[in-house]
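Just so it is clear, the structure is predicted and the values come from calculations on it, not from any experiment. Each chain gets a letter, A, B and so on, in the order the sequences are listed, and its residues count up from 1.
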Amino acid sequence: MSPASQEETNLLNLFQRVSGIGVVAAKKFVDKGYKSLEDLSNDPNLTHHQCVGLKYVDEFEKEIPRDEMENLLAIVKKTLNEIDSRYNMEACGSFRRGANISGDLDIILTHPDFTEVEEKVVKRHKATTPLLAQAVQALEKYGFLTDFVSTGNVKYMGVCQFPGTDPRSNQPYLHRRIDLRFIPHENYYTGLLAWTGDDELNRIMRSRAKELGYTLNEYGLRRRIKTETEETPGEKIPINSEEDVFKKLGMPYMEPHERNLRGVVKKKYLMYEE
DNA sequence: GGCACGGCCCATTCGT
DNA sequence: ACGAATGGGC
DNA sequence: GTGCC
């Protein structure tokens with residue numbers, strides 16, 4: 001590779017370390033002649049997301065030990081249940097599968113008042129569901145949330161920090177990426193299953209569902225109605241636990257820590273999740 | 001051989 | 001002003 | 001690039 005294009009590749013990779021900068025934005029900044037993250041920081045047109053990404057570019061690359069994940073989650077649970085005991089929350093992703101380290105904290109939230117109907121209402125009004133707004137407000141007041149990346153109808157993305165000094169480093173705890181995702185309570189178990197993964201298990205369960213004439217996704221398990229010409233999702237199958245889903249698919253239940261299939265079943269496409 | 005490779009949420013920009 | 005398209009994240 | 005149709 002020529003020196004010039006090697007330098008360009010290096011810069012593209014550097015800029016893409018910043019959350020909020022992907023391939024397209026990185027190219028744009030290279031074209032502008034930027035050579036460093038400092039050049040980037042002087043750009044007056046960074047999006048808010050990119051500003052936050054740049055501010056914490058080093059911290060976001062550091063792994064989160066499991067005990068810190070547990071402590072962060074405990075704060076969220078305690079804070080939200082103090083304002084409303086009917087909040088239900090669970091951390092998903094590799095953490096729920098028992099990983100010793102994680103990249104960020106991804107929490108799904110439910111509340112008996114947040115139904116599929118309520119979700120439709122909220123989206124039509126383009127308003128953040130009050131249950132999410134209230135949760136974020138409580139966590140901000142506490143000082144736990146330090147920055148936001150985005151706040152929508154049903155999903156908050158931001159930055160949190162455990163209070164006090166980390167005994168491992170004798171420094172303040174690092175800033176960590178946190179997502180709060182509200183899902184209608186009817187979809188809790190299929191949502192939990194999907195966001196816990198891993199992606200390989202999701203594939204297996206979805207294709208098994210298909211074989212049996214269902215469709216499975218984070219919104220539920222449905223029968224597929226087949227007519228001559230078209231195929232439409234049918235009635236929703238009632239699901240009251242993760243076990244229910246495995247049962248309907250004729251699969252033995254797998255505990256979350258048994259769901260690390262990636263690499264066991266060999267696959268080239270390591271795309272989504274976490 | 002041709003085709004798909006997840007699908008949706010949020011922020012921002014573009015086009016009318 | 002508003003909806004569509006794009007970029008990004010997961 | 002690979003697996004599926």
Side-chain angles (χ1 to χ4, degrees), chain A residues 12-13 15-32 40 43-54 56-57 60-61 64 90-97 99 102-109 114 116 118-129 131-133 136 147-160 176-184 187 190-211 215-220 222 231 233 261-262 265-274:
Chain A
L12 288 173
N13 289 334
F15 294 153
Q16 284 182 76
R17 286 170 52 201
V18 176
S19 182
I21 299 180
V23 178
V24 175
K27 276 208 179 80
K28 191 186 76 185
F29 293 129
V30 169
D31 291 344
K32 282 188 173 188
L40 207 55
D43 188 308
N45 295 321
L46 294 183
T47 66
H48 178 69
H49 184 173
Q50 291 162 348
C51 288
V52 175
L54 191 53
Y56 299 117
V57 64
F60 288 170
E61 286 175 348
I64 314 177
E90 213 49 72
C92 301
S94 57
F95 171 79
R96 187 155 180 266
R97 299 196 306 271
S102 301
D104 66 357
L105 182 55
D106 191 0
I107 297 178
I108 64 176
L109 277 153
F114 189 72
E116 286 188 293
E118 176 64 15
E119 183 182 41
K120 285 209 181 78
V121 170
V122 152
K123 285 186 179 169
R124 187 160 49 238
H125 288 64
K126 298 180 191 298
T128 302
T129 176
L131 287 164
L132 178 57
V136 168
D147 302 81
F148 77 95
V149 170
S150 63
T151 323
N153 304 142
V154 296
K155 192 176 73 170
Y156 169 91
M157 299 173 69
V159 185
C160 67
R176 308 297 199 182
R177 280 276 298 106
I178 181 171
D179 294 345
L180 304 174
R181 183 193 313 271
F182 240 103
I183 64 176
N187 302 341
T190 46
L192 187 60
L193 193 58
W195 292 112
T196 299
D198 64 7
D199 60 330
E200 192 56 44
L201 178 64
N202 285 344
R203 276 170 196 278
I204 289 168
M205 294 186 78
R206 286 170 191 199
S207 74
R208 173 127 187 96
K210 200 171 180 180
E211 282 168 20
T215 75
L216 173 67
N217 55 30
E218 63 267 45
Y219 306 114
R222 291 175 177 274
E231 202 167 286
L261 303 189
R262 188 190 286 188
V265 184
K266 259 252 174 196
K267 265 290 174 186
K268 297 295 181 330
Y269 278 100
L270 306 178
M271 301 181 96
Y272 81 101
E273 208 231 342
E274 264 99 63

Of Thr128(A), Leu109(A), Ile107(A), which meets side chain to side chain contact (heavy atoms under 4.5 Å, CB included) against Phe182(A)? Leu109(A)
Under a 3.5 Å cutoff, is there a donor and acceptor pairing between the side chains of His49(A) and Ser19(A)? yes
Any side-chain N or O of Arg177(A) below 4.0 angstrom from OP1/OP2 of dG9(C)? no
Look at all strands and tell whether Phe148(A) reaches a base, only sugar-phosphate, or nothing, counting heavy atoms closer than 4.0 Å. nothing
I'd like to know if the side chain of Thr196(A) pairs up with that of Arg96(A) as donor and acceptor (distance under 3.5 Å, no hydrogens or angles considered). yes
Could you state the atom-to-atom distance from CG of Leu132(A) to P of dC9(B) in whole Å? 14 Å
Within the structure, does a side-chain N or O atom of Lys123(A) lie under 4.0 Å from either OP1 or OP2 of dC9(B)? yes
Looking only at atom P, what distance separates dG6(B) and dC5(D), rounded to whole Å? 16 Å
With sugar-phosphate meaning primed atoms plus P, OP1 and OP2, does Asp179(A) contact a base, only sugar-phosphate, or nothing at under 4.0 Å between heavy atoms? sugar-phosphate
Check whether any side-chain N or O of Arg181(A) sits under 4.0 Å from OP1 or OP2 of dC10(C), and answer yes or no. no
When you measure from the side chain of Thr190(A) to the backbone of Glu218(A), do you find a donor-acceptor pair of N or O atoms at a distance under 3.5 Å? yes
So does Asn153(A) get a side-chain nitrogen or oxygen closer than 4.0 Å to the phosphate oxygens (OP1/OP2) of dC10(B)? yes
